[in-house]
Amino acid sequence: MSLNDIKLSNVSYFDLNNQVNIPVNNKIPLEKDQEALEAFLKENVKPNTMNFDSLEDRFKFLIENDYIDEKIIKKYDFNFIHKLYEYLEKQNFHFKSFIAAYKFYAQYALKTDDKSTYLENYIDRTAMNALFYADGNEQLALDIADELIHQRYQPATPSFLNAGRKRRGELISCFLIQMTDNMNSIGRTIDSCLQLSRIGGGVGVNLSNLRESGASIKGVANAASGVVPVMKLLEDSFSYSNQLGQRQGAGAAYLSVFHPDIIEFLGAKKENADEKIRVKTLSLGVTVPDKFYELAAKNEDMYLFSPQGVEKEYGVPFSYVDITKEYDNLVANPNIRKKKIKARDLENEISKLQQESGYPYIVNIDTANCTNPIDGKIIMSNLCSEVLQVMTPSEYNDDLSYQKLGRDISCNLGSTNIVNLMQSKDFGHSIETMVRALTYVSDNSDVPTVPSINNGNNLSHSIGLGAMGLHAFFAKNKMFYGDEDSIDFTKVYFMLLNYWTLKASNKIARERHKSFYNFEKSKYADGSYFDKYINKDWIPETKKVKNIFKDFFIPTKEDWKKLKDDVMKYGLYHQNRIAIAPNGSTSYINDTTASLNPIVNYVEERQEKKIGKIYYPAPYLSNETLPYYESAYDIDMRKVIDIYATAQQHIDQGMALTLFMKSTLSEDLYEWKKGRTNKMTTRDLNILRNYAWKKGCKSIYYVRTFTDDNNEVGVNECESCSI
């Protein structure tokens, strides 16, 4: 029997874990989770783990049976590997919850080919990650191991899972590609999606450049079918290329809010849509320029513009035209086909669909580009809406070979664990170690079937270091989510993350005598990026946060000035450095809360395939922390937006900001609800999206809705790019 096919009736640990959700004397029996953890390790892990007489015997077996790559081990003297293991053993690592151990052994631990026996524990996986990402550098291997074993750093799922394996998958599983308005591009993009899905990739695809339904083709009017049939092709591609039947591929389609097919695009996701056009598994995202918010606020008409006409007039694909800047010119241009709708009608359509399905994601495209320090334009995002990088389109010959190789994107992700990183003896050194580990991912990622992704990655060297455990840190330190202390802490933490990733990238550029492509055209090169840090102090302000950071190095204006000079002189290796992913899966093995989100329940219920429900108590849950673990569904969402907006000031890419809404709200939950019905309306979502835009948030991920029958809408987790 496979370790993944355990029956509930045969073991005690699932029963013990389930008892966590049954109050005893009106208290949460947290001890049951610890009993479940002990039982799992005793009943499942210990008897099903292969043992070896020595470390040499273990590695010999793994190499001879093609479980790990011998080339990695040969980069080190074996005495050093002994030293590494001795250090890791001394750290006395233990899982803190049942779900942490269960998730690790179910999803990450190396197993025999028949899945009957574990071949590694957490220390073994940590050691392989350290040896792999250090690439023969012994000191770096020790540093990476130190960050991993103390769970200050967590690589993305594909990076953590595949490091060191002989028969491994890719180190990355999240990609962004775009179509342009011709059949060659459509065909090549569909093939790229098939290839990327085959290797476990989740793919964001930009459709905004495609001509609308009813547009002309070669002068024949009403010949074009528009974006919806292409959406169906994409969905079928991801469904067909399903990673050897293990799970469905994952994709997200993005469309400009000013595209003439926008209503049909949104309608394809509705539950009552005709089956001929309905997309069930494809995620949807909308890119929204400032002009849309302005028109909706004034309750004015808005014009939707034909990408075909725009490209003919401007000489570039539709996505590369600044709609806000050119709007009046586009309206006045008789050569551009257009149609008129009410801006608020579209605003309400977006909110209705978000209530029903959690989609679409929102990318505030002007906000993303206004703060973008890189030469070029951001036109879309990924499946989790946190990756925001410049792209350039490819051009194709009739045989689908490249006439001009564009720049597409791979997501090279990892996360800091905020609670644990705040206990680091050297915050800056920890961040540098993480950046170096991620740099290896970027430098060694290879997707030959999609050359535009390789090209973009090789030119940009981009990474995305993120964060998890923010609510856990707040609760542990007795801060309410969204209060003054929590805002102040968020500001300082992400300022430090920005500072130290810049320092690390500058140091690597200096060592390698190499910067990212077009660095000289960036705001880093001319120094303007640093103005906000040189003109203002970003120091702790509240008494509590000052005390938290009392032993930390907090850069002054002079420190930022020195960093500016170093960057202008020596450059940066990485075009992009920071992105906040949802990191749902790996937050469990880190025993912390996901991303920057507030928790949903004191005890989270998780439906696991084949085994049923398991329960996860909030980390550090106690009588002291309980009041600070307010549910996301009971928090004013403007407080959540405030936290994300505070972090966004220091993040060069985006964040997977999730909104949590109740279908029925308490009368005074939001100030705009007072005196009105307590039923959540589209207006509430309209207001929140506008609030996020005004606060400077670049994107909104899912909208999760808690309904009257205790079900959640919009809770799909992106398995491809979750970290």
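Keep in mind it's a predicted model, so treat the numbers as computed, not measured. Residues: numbered from 1 along the sequence shown.
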For the pair [X] and [Y], name the ring-plane relationship: parallel under 30°, tilted 30 to 60°, perpendicular over 60°.
{"X": "Phe95", "Y": "Tyr122", "result": "perpendicular"}
{"X": "Tyr702", "Y": "Tyr361", "result": "perpendicular"}
{"X": "His461", "Y": "Tyr573", "result": "parallel"}

Is [Y] paired with [X] through a side-chain N to carboxylate O contact shorter than 4.0 Å?
{"X": "Lys562", "Y": "Asp566", "answer": "yes"}
{"X": "Glu484", "Y": "Lys544", "answer": "no"}
{"X": "Glu432", "Y": "Lys507", "answer": "yes"}

No-hydrogen, no-angle side-chain donor-acceptor test under 3.5 Å, [X] and [Y]:
{"X": "Asp559", "Y": "Thr556", "value": "yes"}
{"X": "Ser486", "Y": "Asp483", "value": "yes"}
{"X": "Tyr108", "Y": "Ser585", "value": "yes"}

Check your understanding: Is it true that the NZ or CZ of Lys478 lies under 6.0 Å from the centre of Tyr628's six-membered ring and within 45 degrees of the ring axis?
Key ->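 No, a cation-pi geometry is absent between Lys478 and Tyr628.
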Practice item. Using side chain to side chain donor-acceptor pair (under 3.5 Å) as the criterion, list what pairs up with Tyr629, not counting sequence neighbours. Key: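 Here no residue qualifies.
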Point to revise | Residue list, side chain to side chain donor-acceptor pair (under 3.5 Å) with Glu624, at least two apart or on another chain | key: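 Partners of Glu624 under the side chain to side chain donor-acceptor pair (under 3.5 Å) test: Ser622.
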Exercise for review: Carefully, step by step, assess Lys613 and Glu604 under the rule salt bridge (charged side-chain N to carboxylate O under 4.0 Å, His left out).
Suggested key: CA-CA 10 Å; Lys613 295 176 180 177; Glu604 179 184 344; over 6 Å; no
Review point. Below 6.0 angstrom between ring centroids: does that apply to Tyr493 and Phe473?
Key: no
Check your understanding: Quick one: ring pair (Phe, Tyr, Trp, His ring centres under 6.0 Å) partners of Phe530, sequence neighbours excluded?
Key ->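 Phe530: no ring pair (Phe, Tyr, Trp, His ring centres under 6.0 Å) contacts found.
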